[in-house]
Amino acid sequence: MTVLRTENLSKVYPGSEPVVAVNQVNLSVEKGEHVAIMGASGSGKSTLLHLLGGVDRPTEGQVFIQGIDITSLDETDMAVFRRRNIGIIYQFLNLVPNLTVEKNILLPLLLDGRRPDPSYFQEIVHTLGIEGKLERFPQQLSGGEQQRVAIARSLVTRPAVVLADEPTGNLDRRNTEEIISLFRLVNQRFQTTLLLITHDEKVALSCQRVLVMADGKLEER
Ligand code: ADP
Ligand code: MG
């Protein structure tokens with residue numbers, strides 16, 4: 001089953017010298033697939049991820065998530081669709097400092113007025129090994145632990161797809177390897193579809209597919 005698909009997706013940043021950040025990208029990702037996107041700085045990786053996540057609008061082309069053309073949704077519908085179907089993890093975690101770990105993880109559901117499924121919540125925090133940290137605040141956690149909380153938060157809505165922009169970019173080797181194995185475990189347990197941007201060869205090799213972005217074009221490696 002195809003979870004995510006783009007058709008001739010392009011993004012041009014206007015200006016006196018317009019930048020073609022994403023150039024006619026056609027991509028198709030199957031349910032449960034783990035895909036790595038590599039490429040030089042400035043090649044358009046983050047812009048592509050923002051288009052896939054509905055955070056930014058394309059200049060041309062479409063993004064389909066579970067068959068729905070998200071580029072046709074208005075701002076309100078897009079915000080709801082994003083909250084329910086897309087999990088996003090950034091390198092600089094954006095956890096909410098004055099909320100506990102538990103509240104941070106549950107936030108996407110709370111914002112949507114939905115109740116968490118307690119057994120699913122338990123399974124996520126157990127899988128990620130943070131069940132003992134739920135009452136803490138983000139600044140009382142290590143970088144690796146904060147990243148686990150961000151992963152848990154991205155999974156809590158059972159999204160169709162998780163998008164991660166350099167999720168291990170500021171972690172050391174040991175934490176990076178732990179996050180890699182956690183993504184694997186999460187994939188086996190929840191059949192999560194994951195697209196991640198990375199500069200780390202080991203992280204890329206842990207994915208089934210590696211794509212390379214160069215000057216806005218995306219190609220299989
Ligand atoms: P990457 O994540 O691969 O480093 P980006 O997607 O951040 O690349 O950027 C791709 C290109 O688009 C770069 O040339 C960058 O300068 C440009 N760019 C990114 N964001 C903007 C913006 N908001 N306005 C104008 N140009 C931008
Ligand atoms: Mg980037």
Side-chain angles (χ1 to χ4, degrees), residues 3-29 33-65 69-71 73-75 78-79 81-82 86-95 143-144 146-151 153-154 159 161-173 175-176 179-180 182-183 192-221:
V3 168
L4 184 154
R5 189 166 67 81
T6 70
E7 250 178 54
N8 299 330
L9 191 67
S10 298
K11 175 76 182 184
V12 180
Y13 291 110
S16 54
E17 287 179 48
V19 177
V20 185
V22 173
N23 191 357
Q24 301 281 322
V25 166
N26 290 290
L27 168 67
S28 180
V29 179
E33 246 191 319
H34 278 194
V35 179
I37 299 175
M38 301 190 84
S41 177
S43 58
K45 306 179 299 295
S46 293
T47 302
L48 176 64
L49 214 72
H50 293 153
L51 297 175
L52 300 179
V55 180
D56 198 1
R57 299 260 177 194
T59 311
E60 198 196 319
Q62 275 101 34
V63 176
F64 297 89
I65 292 185
D69 177 4
I70 66 166
T71 51
L73 302 176
D74 66 25
E75 282 309 318
M78 177 75 100
F81 186 88
R82 194 191 306 128
I86 303 167
I88 301 187
I89 306 169
Y90 294 100
Q91 175 179 354
F92 300 104
L93 307 139
N94 66 3
L95 299 175
Q146 289 185 30
Q147 196 53 284
R148 289 154 192 254
V149 175
I151 296 170
R153 183 181 55 184
S154 78
V161 58
V162 173
L163 306 171
D165 197 345
E166 305 196 39
T168 60
N170 54 1
L171 297 181
D172 62 17
R173 177 57 40 204
N175 273 298
T176 297
I179 297 294
I180 294 176
L182 284 173
F183 276 138
T192 320
T193 307
L194 173 69
L195 243 96
L196 62 82
I197 293 173
T198 186
H199 283 108
D200 187 318
E201 190 64 32
K202 271 202 172 161
V203 175
L205 289 175
S206 76
C207 295
Q208 289 119 335
R209 254 167 95 194
V210 181
L211 305 174
V212 178
M213 194 124 196
D215 290 334
K217 293 268 187 197
L218 191 64
E219 291 187 352
E220 307 273 339
R221 187 170 76 167

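Note that ligands are numbered from 1 as they come in the structure, with each ligand's atoms numbered from 1 the same way.
The only option from Val35, Leu211, Leu48 that meets the side-chain contact (heavy atoms from CB on, under 4.5 Å) definition with Leu195 turns out to be Val35. When each of Ser206, Cys207, Pro167 is tested with Ile180 by the rule side-chain contact (heavy atoms from CB on, under 4.5 Å), just one qualifies, namely Ser206. For the side-chain contact (heavy atoms from CB on, under 4.5 Å) with Val63, the qualifying choice from Ile70, Val25, Asp69 is Ile70, the only one to do so.
With a cut-off of 2.8 Å, the Mg ion (ligand 2) has no N, O or S atom of Ser41 in range.
The closest heavy-atom contact to atom 6 (O) of ligand 1, among the options Val22, Thr47, Val19, comes from Thr47. In the candidate list Ser41, Ser46, Pro18, Ala40, Ser46 is nearest to atom 2 (O) of ligand 1, counting heavy atoms.
At the top of the distance list for atom 8 (O) of ligand 1, counting protein heavy atoms only, stands Gly44 N, 3.2 Å. The single protein non-hydrogen atom nearest to atom 4 (O) of ligand 1 is Gly42 N, 2.7 Å, given as residue, atom name and distance. Remark: minimum distance from atom 23 (N) of ligand 1 to any protein heavy atom is reached at Tyr13 CE2, 3.6 Å. Closest to atom 3 (O) of ligand 1, if we only count protein heavy atoms, is Lys45 NZ, 2.7 Å.
Here the side chain of Thr59 pairs a donor or acceptor atom with the backbone of Val12 at under 3.5 angstrom. Of the possible polar contacts, one joining the Lys11 side chain to the Arg57 backbone as a donor-acceptor pair under 3.5 Å is found. Under a 3.5 Å cut-off, the side chain of Asn26 and the backbone N or O of Asn8 do form a donor-acceptor pair.
Classified by interplanar angle (parallel below 30°, tilted 30° to 60°, perpendicular above 60°), the ring pair Tyr90/His50 is tilted.
Protein heavy atoms are absent from the space less than 4.0 angstrom from atom 16 (O) of ligand 1.
Interface atoms of ligand 1 facing Ala21, defined by a heavy-atom separation under 4.0 Å, are 10 (C), 11 (C), 12 (O).
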